[in-house]
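Read through the structure below, which is laid out as C-alpha cells, and then see the notes.
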2 protein chains.
Amino acid sequence: MPHDPGGERTPVTQRAVERIKAMIAGGEVGPGERLPTERDLAVQLGVSRSSMREAIRALTTLGVLEARHGAGVYVTALRPADLLETFSVLAEVSQGQTLLEVLQVRRMLEPAATALAAARADARDLERIGALLERMDGSDAMDCAGAPGGAAPEGGTRPRRESPDGGVLDTAGADLGFHQAIVASTGNATLAAIGEGLSSRTFNARVWAGHREAGLSAALHEDHERIHEALVARDPDAARAAATVHVLRVERWLRADLAQGDGAGTRTRAPGR
Amino acid sequence: MPHDPGGERTPVTQRAVERIKAMIAGGEVGPGERLPTERDLAVQLGVSRSSMREAIRALTTLGVLEARHGAGVYVTALRPADLLETFSVLAEVSQGQTLLEVLQVRRMLEPAATALAAARADARDLERIGALLERMDGSDAMDCAGAPGGAAPEGGTRPRRESPDGGVLDTAGADLGFHQAIVASTGNATLAAIGEGLSSRTFNARVWAGHREAGLSAALHEDHERIHEALVARDPDAARAAATVHVLRVERWLRADLAQGDGAGTRTRAPGR
DNA sequence: GAGCGCCGAATGGTCGGACCACTCTGTCGT
DNA sequence: ACGACAGAGTGGTCCGACCATTCGGCGCTC
C-alpha cells in the first residue's frame, strides 16, 4: 500500500475493496481459503453490508473472490485462468477495428505458442488435439442435417455453458477447443488464459459462417491439419509457419468482411465519432 | 411475482448484467452515452435497486460502465484500454511460477511488437522513446558509477534529490514507460493495453533492484539502447532480436531469483498443497 | 442586459433491516 | 449404523430512507 491519502475522500466501497485485497496480499487469507461472512466483514471494516457486498461483487468479477450461496465467500486459487476470465469481455464487445487488432495480437502469440506446443506437448495432449480435429471435421460436414437432439452434451471437461445451437456453433466450438488445447499443451497457464481471452465463441461462429458462405472452410481444415501434423512431428518451425498462415487467413477474411459489410448485414456498429 | 418456472435459476443480478450488456451490444446505448438512472433501470428490469447497483458495479469493474456521482451512469468508450484495465491485477497478484509465465508471454509478444514498432513508429514516437531512454540513463547512472563492488550504500542513505522513492522506482517507471511507448507506437491499442497489463510497476522495480545488486544494470541499458537504435534505423529484424534478448535476460534473472530466494526473503506464498 | 452566485432537483453512494434460498451439520428416528 | 430431517448459518434479494455530489436554472447584483 503506497499511502493512505490523508484528506482524500475515497468511496467507502472502494476502500473495502482495497482492504480485502490487502488481506489477500498480506497472506491473511490464502488461495482457496474462506473469508469471514459478509456481515462480519462489514462490521470489521466499519461499512454497511450493502457496501461490503458491492466490494465483494467487484472482486468476484475480477476473479479474485468466489461467492458460494449458503456456504461462504472464498478466495479463488488465483490462477491466471481465474483472473483473466474477464478478458473475454474484450473479444465479446469488440467490433470492427478492435477485432482486427485482437487478431493482430493473436498473429503474434499463436505462432509462438504453437511452436512451443510442438516442442512440449505430450502424447495425451496430442490425442486430445487430434480428437478435436476429427470432431470439427465431423460436425462441419453434417451441419445441414439439423441439430441432433439429446446427444451427449457432456464432454467431460466442460464447465462452460453449452449453447444449444446447431452445427455452426459446434464447429466453432470445436475450433475454439482445438486452439485452446494447443496453447494449453504449452504448459503455460497464463498463455492459455490469454489465448482463451483473445478468442470468443461468437466471433469464431461468425468466421465459420462467413467462411462457409465464401466456400473457404476447406482452407481452414487444411490449416488445422497442417498444424496438427506439425505438432505430431514435433516440428516447431513448421508449427509456427502453419499457425501464422492460419491466423493470417482469418485476419484477411475479417478485413474483407469489415470493408464489405460496412453498415450492411453484419451488426457492425459504426462508431461514426 | 412472476417467476420463470422454466427451470434455470439464474441469480437476478447476473440477469441484470446480461440485460445491460445486451443493451450495449444491441446498440440501444452506444459508447459514451448515458443510460437510465439506477432507479429507472431497476424498475425496467424488474429488480431491486440493490441488485441493479451490484450489476452496475460488476460492469464498472469490467470497464464497460462508468458511474459519475451526481451525474449518471455512462458507457465507456469501450476502448481496449478501458476493458483491459482489470488485466493488471494479474501482474499485481502473480508470484513465482506465474510471474515466469507472464514473462514467457512477453517474450512472445514484445519482439513482434517491437519489430512492428520499428516499421510503424513516426518521428514523434521515436522522440518520446528517446527521451524516456535518456531519463532512464540519468536516474540510474549515478548508482552504478559509485560502487561497482559489493559495497552497498545501505549504511548512510544520502538525501537523494526530491525523489520520494529514490532512483529505483524512477528508473523502473521510466523503463515501464519506455516499453509502453514502444508498443503504443505500433498503432495497435489492443496490443498496447495487453502489454501494459503484462507489466507492473512493482515487478519492474523488483527487477531493477535485483539487477543493481547483481551489477547488471549496464546490460539492461545496453539492451535498451540497442532496441532504440533498431527503432531509429527502422530495422524490424534488429528490433525483434534486441527485444528478444532483453526479455530473455529479465526472464533469466527472474528464474535465478526465484530459485535462490525460494522460501527466503521474497514473500513467496507457499501453497503447500 | 450580462455576469455571477446560490439553491434545489436529480442522481449515485451509503446505510440498516427484513426476508428468501441455499448449504452444511448435527441430531433424531428407524 | 445409516439415512432423513430440522436447524443454524450464509449468501441473495428486496425495501425504504438518508447523505453527497452534480448540474441546471432562478434570481440577484452590477
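What you see is a predicted model; the values in this text were computed from it and never measured. Reminder, nothing fancy here: chain letters follow the sequence lines and each chain counts from 1.
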Separation of [X] atom [atom1] from [N] atom [atom2], in whole Å?
X: A/Gln14; N: C/dT14; atom1: CD; atom2: C1'; result: 15 Å
X: B/Glu38; N: D/dG16; atom1: CD; atom2: C1'; result: 15 Å
X: A/Glu66; N: D/dG12; atom1: CD; atom2: P; result: 11 Å
X: B/Leu41; N: C/dG13; atom1: CG; atom2: C1'; result: 16 Å
X: B/Glu54; N: D/dG12; atom1: CD; atom2: C1'; result: 8 Å
X: B/Ile56; N: C/dT14; atom1: CD1; atom2: P; result: 13 Å
X: A/Tyr74; N: C/dT23; atom1: OH; atom2: P; result: 12 Å

Roughly how far apart are B/Phe87 CZ and B/Leu198 CG, rounded to 0.5 Å?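 Spacing of CZ (B/Phe87) from CG (B/Leu198) equals 4.5 Å.
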
For the CD1 atom of A/Ile24 and the CD atom of A/Glu33, what is their distance to the nearest 0.5 Å?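 Answer rounded to 0.5 Å: 10.0 Å.
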
Protein and nucleotides 5-9 of chain D: nitrogen or oxygen contacts under 3.5 angstrom:
from, atom 1, to, atom 2, distance (Å)
D/dG9, N2, A/Gly70, O, 3.2

Give me the distances for all protein-to-nucleotides 15-19 of chain C N/O pairs that come in under 3.5 Å?
from, atom 1, to, atom 2, distance (Å)
C/dC15, OP2, A/Ser48, N, 3.0
C/dC15, OP2, A/Ser48, OG, 3.3
C/dC15, OP2, A/Ser51, OG, 2.8
C/dG16, O6, A/Ser50, OG, 3.3
C/dA18, N6, A/Arg49, NH1, 3.4

Which residues share a side-chain hydrogen bond (donor to acceptor under 3.5 Å, both in side chains) with B/Arg128, sequence neighbours left out: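 Scan of B/Arg128 (side-chain hydrogen bond (donor to acceptor under 3.5 Å, both in side chains), adjacent residues dropped) gives none.
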
Answer yes or no: does atom CD of B/Glu127 have more than 12 heavy-atom neighbours from other residues, nucleotides or ligands under 6.0 Å?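 Incorrect, the count does not exceed 12.
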
Just checking B/Arg53: base, sugar-phosphate only, or nothing, at a heavy-atom cut-off of under 4.0 Å?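 Base contact.
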
Of all the heavy-atom pairs spanning A/Ile20 and A/Met52, show the shortest one and how long it is.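 What the structure gives for the nearest pair is CD1-SD, 4.0 Å.
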
